[in-house]
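Following: one structure in structure tokens, then a few remarks.
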Protein chains: 2
Amino acid sequence: MQDSAAIGMAASVGPCASIPADHMDLIRQVLDRVGDKWSMLVIAVLEGGPMRYTDVQRQIPGIYQRMLTHTLRQLTEDGLITRTAYAEVPPRVEYALAPLGGGLNEIVKQLIGWAADHHDEIRANRSRPGAATSSASRT
Amino acid sequence: MQDSAAIGMAASVGPCASIPADHMDLIRQVLDRVGDKWSMLVIAVLEGGPMRYTDVQRQIPGIYQRMLTHTLRQLTEDGLITRTAYAEVPPRVEYALAPLGGGLNEIVKQLIGWAADHHDEIRANRSRPGAATSSASRT
DNA sequence: CGGAATCCGCGGTGATACTG
DNA sequence: CAGTATCACCGCGGATTCCG
């Protein structure tokens with residue numbers, strides 16, 4: 001199949017048409033949102049129900065206020081989570097999964113499940129010297 | 001999700017035990033891999049079958065050699081994709097989805113499907129002034 | 001064609017201090 | 001308690017050039 005026909009113009013696409021290119025843009029946009037280091041983690045953590053700021057922070061070791069605030073704000077702006085501020089004397093703010101974020105959470109859960117299922121396999125592969133690189137001689 | 005629900009203070013920490021904390025680490029590891037800017041995109045693109053270096057680059061507008069090479073190497077090391085180098089006069093290297101990457105691709109496809117399904121909704125939310133922030137007055 | 005080497009800026013990381 | 005502000009540091013990633 002190669003690209004012998006795709007040398008120059010060749011508008012026809014063989015197996016390369018996996019992604020319709022008009023989807024590329026929106027995929028990029030979404031991946032830039034949820035694909036960052038913390039968003040999915042926050043969504044996964046919020047699955048258990050509404051949670052306060054410090055609770056989220058406690059649930060995610062290694063995250064810092066700056067990023068937590070930033071991530072929470074991003075997700076709130078996107079409508080994936082909701083932010084409820086209680087005007088009490090001890091300020092309380094609770095974050096919860098919005099319906100939109102709930103749908104994403106289903107996928108995140110699958111990703112986590114996959115991760116738990118294959119993380120050892122991945123680690124084993126990473127330890128391999130030759131890796132998965134194979135050389136084929138062909139004239 | 002029932003581990004620390006009982007031993008908590010029970011005041012507001014009921015559902016906080018969503019992530020067992022022993023999973024946090026591996027989730028982080030996997031997210032650091034596939035959650036970067038390009039990995040999922042490469043996997044999604046490779047779904048259509050084996051592809052050459054430049055073909056992948058053409059399929060992903062905006063990616064540069066540095067990141068493409070880096071991402072491909074990462075994924076190869078992890079065993080998610082395979083790299084086959086043909087020792088020909090015009091050097092040809094083909095990347096293809098490994099079984100492991102194929103499994104991940106199923107999830108990536110769902111994520112893409114979700115993205116295509118809700119990207120306009122997200123964009124609409126982002127344009128909203130008040131966002132999803134609600135204030136509740138409570139003594 | 002495939003990739004390494006290089007330069008460089010932006011932004012995430014990490015800590016600390018401060019406010020409402 | 002829930003952030004905001006500031007800063008130093010450093011690595012990711014963008015962009016160009018060069019090499020096998």
Side-chain angles (χ1 to χ4, degrees), chain A residues 2-4 6-8 16 28 31-33 35-42 50-77 81-96 131 133-136 138-139, chain B residues 9 11-13 16 28 31-42 50-77 81-96 131 133-139:
Chain A
Q2 278 61 25
D3 53 2
S4 55
I7 293 174
C16 303
R28 285 285 308 273
L31 251 47
D32 275 2
R33 288 289 161 188
D36 69 74
K37 204 173 180 180
W38 304 109
S39 294
M40 285 195 183
L41 230 36
V42 170
M51 212 174 285
R52 306 177 64 164
Y53 185 88
T54 48
D55 287 336
V56 176
Q57 191 175 8
R58 283 185 54 189
Q59 284 285 314
I60 307 178
I63 197 171
Y64 261 76
Q65 282 86 342
R66 190 195 237 269
M67 276 304 105
L68 180 56
T69 301
H70 182 69
T71 303
L72 287 171
R73 179 178 296 178
Q74 293 269 30
L75 294 174
T76 303
E77 285 178 356
I81 64 174
T82 58
R83 187 191 123 114
T84 308
Y86 297 90
E88 298 177 344
V89 182
R92 181 165 51 133
V93 179
E94 282 191 347
Y95 295 92
T133 304
S134 60
S135 300
R138 187 80 176 92
T139 51
Chain B
M9 306 320 162
S12 58
V13 285
C16 297
R28 285 285 307 274
L31 253 47
D32 276 2
R33 289 289 161 186
V34 304
D36 69 75
K37 205 173 182 181
W38 304 109
S39 294
M40 285 195 184
L41 231 36
V42 170
M51 212 175 286
R52 304 177 64 166
Y53 185 88
T54 48
D55 287 335
V56 177
Q57 191 175 7
R58 283 184 53 190
Q59 284 285 315
I60 307 179
I63 197 172
Y64 265 77
Q65 282 84 344
R66 188 196 227 272
M67 277 303 107
L68 180 56
T69 301
H70 182 69
T71 302
L72 287 171
R73 178 178 296 179
Q74 292 272 28
L75 295 174
T76 304
E77 285 178 355
I81 65 175
T82 58
R83 186 192 122 115
T84 307
Y86 297 90
E88 298 177 343
V89 182
R92 181 162 52 130
V93 180
E94 282 191 346
Y95 295 91
T133 302
S134 61
S135 300
S137 297
R138 186 75 181 94
T139 53

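Naming: A, B, ... by sequence-line order, numbering from 1 per chain. Please read all numbers here as calculations on a predicted model, not as lab measurements.
For Y86(A) and dG3(D), the OH to P distance is 13 Å, given to the nearest whole Å. We find that CG of L68(B) is positioned 11 Å from P of dA4(C), with the value rounded to whole Å. In this structure, M51(A) atom CE and dA2(D) atom C1' are separated by 16 Å, rounded to whole Å. Separating the OH atom of Y53(A) from the P atom of dT19(C) is a distance of 18 Å, rounded to the nearest angstrom. Atom-to-atom, CD of Q57(A) to C1' of dT4(D) comes out at 14 Å; the value is rounded to the nearest Å. Atom-to-atom, NE2 of H70(A) to P of dG14(C) comes out at 15 Å; the value is rounded to the nearest Å. Atom OH of Y95(B) and atom C1' of dG2(C) are 8 Å apart (whole Å). Look at CG on D36(B): it is 10 Å from P on dC12(D), rounded to the nearest Å.
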Quiz item: For Y86(A) and V93(A), what are the C-alpha separation, side-chain angles and deciding distance, and is it a side-chain contact (heavy atoms from CB on, under 4.5 Å)?
Solution: CA-CA 6 Å; Y86(A) 297 90; V93(A) 179; over 6 Å; no

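Considering only the side chain of R73(B), dA4(C) comes nearest among dG13(D), dA4(C), dG3(D).
Rounding to the nearest 0.5 Å places CD of Q65(A) at 10.5 Å from OG1 of T54(A). Here Y53(B) contributes atom OH and L72(B) contributes atom CG; the two are 7.0 Å apart, rounded to the nearest 0.5 Å. Taken from OG1 in T71(B) to CZ in R66(B), the straight-line distance is 11.0 Å, to the nearest 0.5 Å. Distance NE2/H70(A) to CG/L75(A): 9.5 Å, rounded to 0.5 Å.
T76(A) places no side-chain N or O within donor-acceptor distance of the main-chain N or O of R83(A), the cut-off being under 3.5 Å.
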Quiz item: Just by protein heavy atoms under 4.0 Å, how would nucleotides 14-20 of chain D read 5' to 3' in B, S and -?
Solution: BBB---B

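Applying the 4.0 Å criterion to OP1 and OP2 of dG2(C), one finds that R52(B) has a side-chain N or O inside that range. Between T69(A) and dA2(D), a side-chain N or O to OP1/OP2 separation shorter than 4.0 Å is absent.
Taking both residues in full, the closest heavy atoms of L31(B) and K37(A) are given as CD2-O, 4.4 Å, listed atom of the first, atom of the second, then distance.
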